[in-house]
Asker: 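What follows is a structure written as structure tokens; I'll ask about it next.
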2 protein chains.
Amino acid sequence: MAIKDNNVSMNLFRDKCKEHNLRITPQRTVIYKELHKSKDHPSADAIFRKARKVFPNISFDTVNRTVLTFAKIGLVNVVEGCGGPKRFDSDTESHHHLRCIKCNRIIDFHNKDYDSMEIPDEIKNKFTVLRKRVCIEGVCSKCR
Amino acid sequence: MAIKDNNVSMNLFRDKCKEHNLRITPQRTVIYKELHKSKDHPSADAIFRKARKVFPNISFDTVNRTVLTFAKIGLVNVVEGCGGPKRFDSDTESHHHLRCIKCNRIIDFHNKDYDSMEIPDEIKNKFTVLRKRVCIEGVCSKCR
DNA sequence: AACTATATAGGAATAATTCCTATTTGTCAA
DNA sequence: TTGACAAATAGGAATTATTCCTATATAGTT
């Protein structure tokens, strides 16, 4: 038996689907399971390749639509900034970003407390740090 | 005369180009000027549309190659996470991200100090905040 | 002014995502 | 349990973003 009924995250999946009147299909079930297993922030294509091992006929569109649906109901999050075209920032000084998830506007802000936050040593040891930034996501005044 | 020789940022542009043996072409000049004027974190396509008003024959590839070159030499930055496919995160609890700019790996980390940082009131008033995250960019242990 | 390596224009190719539509299938109510 | 139907899926087409290719043009040096 692949899916345990007493698995907490599968219960969350079922509850969230019911709450939003989404049907519990085998495709959605396997997509959610793969998302939940992945610790590497997979793309829709990565989930597609895994899901195809279980359902060889599953379409990419189904996977893509499903992960976006999951993001909409809060079962998963889209990693900040991902997707869409590359965007460029001519301000190379330390600053922070406010992102509107509706219009994709990115607003710069400055904050000395944020600038002066220390990076933990265990990160500095394992990782060559180039930049540090606080990203706040939400809905801007124009969109709400 | 469109470009003032005493303009600080244009001098930076020229110095950086010389430092990296990049020729100062009219195309690069206009692309840099447009990037520097833009406060809205433009995409390559947005810069292309502006540059085309000055040089109607400029190609998208030139603009795209140029903004990426500028990013490589540090004249501009790519906004964190932008470009590439959307990626999904099944951990909906508060956590932070370490990104490797070489392999695009995203590594989760937890930090209570970061979690407890306050969001300034002037942001809370103008913006419906959904998430706050610290993004650290650099090079991971495998890539360096 | 001529030379040469670099940069550009334009179009083709690739990658990521979304749209379209005929068919299938969960779910609900009898 | 079964039938009805709205919702979901598969597969392919279309769209969007980006990169590659190559012949031509040109910045910077001599």
Side-chain angles (χ1 to χ4, degrees), chain A residues 3 10 13-32 34 41-73 75-76 78-79 81-88 101 104, chain B residues 3 10 13-32 34 41-73 75-76 78-79 81-88 101 104:
Chain A
I3 308 165
M10 291 315 293
F13 162 67
R14 273 186 280 266
D15 291 348
K16 277 276 189 183
C17 282
K18 287 187 178 159
E19 185 188 332
H20 292 270
N21 295 310
L22 298 179
R23 292 178 178 175
I24 295 168
T25 66
Q27 289 89 339
R28 281 180 176 156
T29 305
V30 76
I31 290 165
Y32 180 72
E34 291 299 343
H41 312 82
S43 63
D45 189 62
I47 295 294
F48 174 56
R49 289 194 304 271
K50 287 179 180 176
R52 197 145 62 163
K53 291 182 182 169
V54 183
F55 294 115
N57 281 359
I58 200 169
S59 72
F60 176 79
D61 190 42
T62 294
V63 175
N64 191 54
R65 210 173 353 86
T66 300
V67 291
L68 291 175
T69 302
F70 288 168
K72 204 172 291 174
I73 67 173
L75 259 180
V76 300
V78 177
V79 173
C82 280
K86 277 198 192 72
R87 293 174 66 174
F88 299 89
I101 58 165
N104 286 316
Chain B
I3 306 165
M10 291 315 293
F13 162 68
R14 272 187 281 267
D15 291 348
K16 277 277 188 180
C17 283
K18 286 186 180 161
E19 185 188 333
H20 293 270
N21 296 309
L22 297 179
R23 291 178 178 174
I24 295 169
T25 66
Q27 290 90 339
R28 281 181 176 155
T29 305
V30 76
I31 290 165
Y32 180 72
E34 290 300 341
H41 311 82
S43 63
D45 188 61
I47 295 294
F48 173 56
R49 289 193 304 270
K50 288 179 179 175
R52 197 145 61 163
K53 292 180 180 169
V54 184
F55 295 114
N57 281 359
I58 199 169
S59 71
F60 175 78
D61 189 41
T62 294
V63 175
N64 191 55
R65 209 175 353 87
T66 301
V67 290
L68 292 174
T69 302
F70 288 170
K72 204 172 289 174
I73 67 172
L75 260 181
V76 300
V78 177
V79 174
C82 279
K86 277 199 192 75
R87 294 174 65 175
F88 299 89
I101 60 165
N104 286 316

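Chain letters run A, B, ... following the sequence lines, proteins first and then strands; every chain starts at 1.
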Asker: Any chance you could lay out the side-chain contact (heavy atoms from CB on, under 4.5 Å) test for A:Asp45 and A:Arg49, step after step, and finish with the verdict?
Answerer: CA-CA 6 Å; A:Asp45 189 62; A:Arg49 289 194 304 271; 2.3 Å; yes
Asker: Before giving the answer on side-chain contact (heavy atoms from CB on, under 4.5 Å), spell out for B:Thr29 and B:Met10 the whole-Å C-alpha distance, their side-chain angles and the decisive distance to 0.1 Å.
Answerer: CA-CA 8 Å; B:Thr29 305; B:Met10 291 315 293; 3.7 Å; yes
Asker: A side-chain contact here means heavy atoms from C-beta on lying under 4.5 Å apart; do B:Leu22 and B:Lys16 qualify?
Answerer: no
Asker: Which comes earlier along DNA chain C counting from the 5' end, the contact point of B:Arg28 or that of A:Leu68, where each point is its nearest nucleotide?
Answerer: B:Arg28
Asker: C:dA15 P sits how many Å from A:Asp45 CG, rounded?
Answerer: 10 Å
Asker: May I have the distance from B:Ile24 (atom CD1) to C:dT8 (atom C1'), rounded to whole angstrom?
Answerer: 17 Å
Asker: Any chance you could lay out the side-chain contact (heavy atoms from CB on, under 4.5 Å) test for B:Gln27 and B:Thr66, step after step, and finish with the verdict?
Answerer: CA-CA 9 Å; B:Gln27 290 90 339; B:Thr66 301; 5.8 Å; no
Asker: Stepwise, does the side-chain contact (heavy atoms from CB on, under 4.5 Å) test hold for B:Lys86 with A:Val67?
Answerer: CA-CA 10 Å; B:Lys86 277 199 192 75; A:Val67 291; over 6 Å; no
Asker: Can you pull out the residues from residues 50-61 of chain B that lie within a 4.0 Å heavy-atom distance of DNA chain D?
Answerer: B:Phe60, B:Asp61
Asker: So if I apply the side-chain contact (heavy atoms from CB on, under 4.5 Å) rule between A:Ile31 and each of A:Val54, A:Thr69, A:Val63, which one comes out positive?
Answerer: A:Val63
Asker: Nucleotide range of DNA chain D contacted by chain A, 5' to 3', under 4.0 Å to a heavy atom?
Answerer: D:dA6 to D:dT19
Asker: Among B:Val79, B:Ile47, B:Leu68, which residue meets the side-chain contact (heavy atoms from CB on, under 4.5 Å) test with A:Phe88?
Answerer: B:Leu68
Asker: Closer to the 5' end of DNA chain C via nearest nucleotide, is it B:Pro85 or B:Val63?
Answerer: B:Val63
Asker: Roughly how many Å is it from CZ in A:Phe48 to P in C:dA15, rounded to a whole number?
Answerer: 15 Å
Asker: Could you tell me how the ring of A:Tyr32 sits relative to the ring of A:Phe13: parallel (under 30°), tilted (30 to 60°) or perpendicular (over 60°)?
Answerer: parallel
Asker: For B:Gly83 and B:Lys18, find the nucleotide of DNA chain D closest to each by heavy atoms; which residue's nucleotide sits nearer the 5' end?
Answerer: B:Gly83
Asker: Please determine if a side-chain N or O atom of B:Gln27 lies less than 4.0 Å away from the OP1 or OP2 oxygen of C:dA9.
Answerer: yes
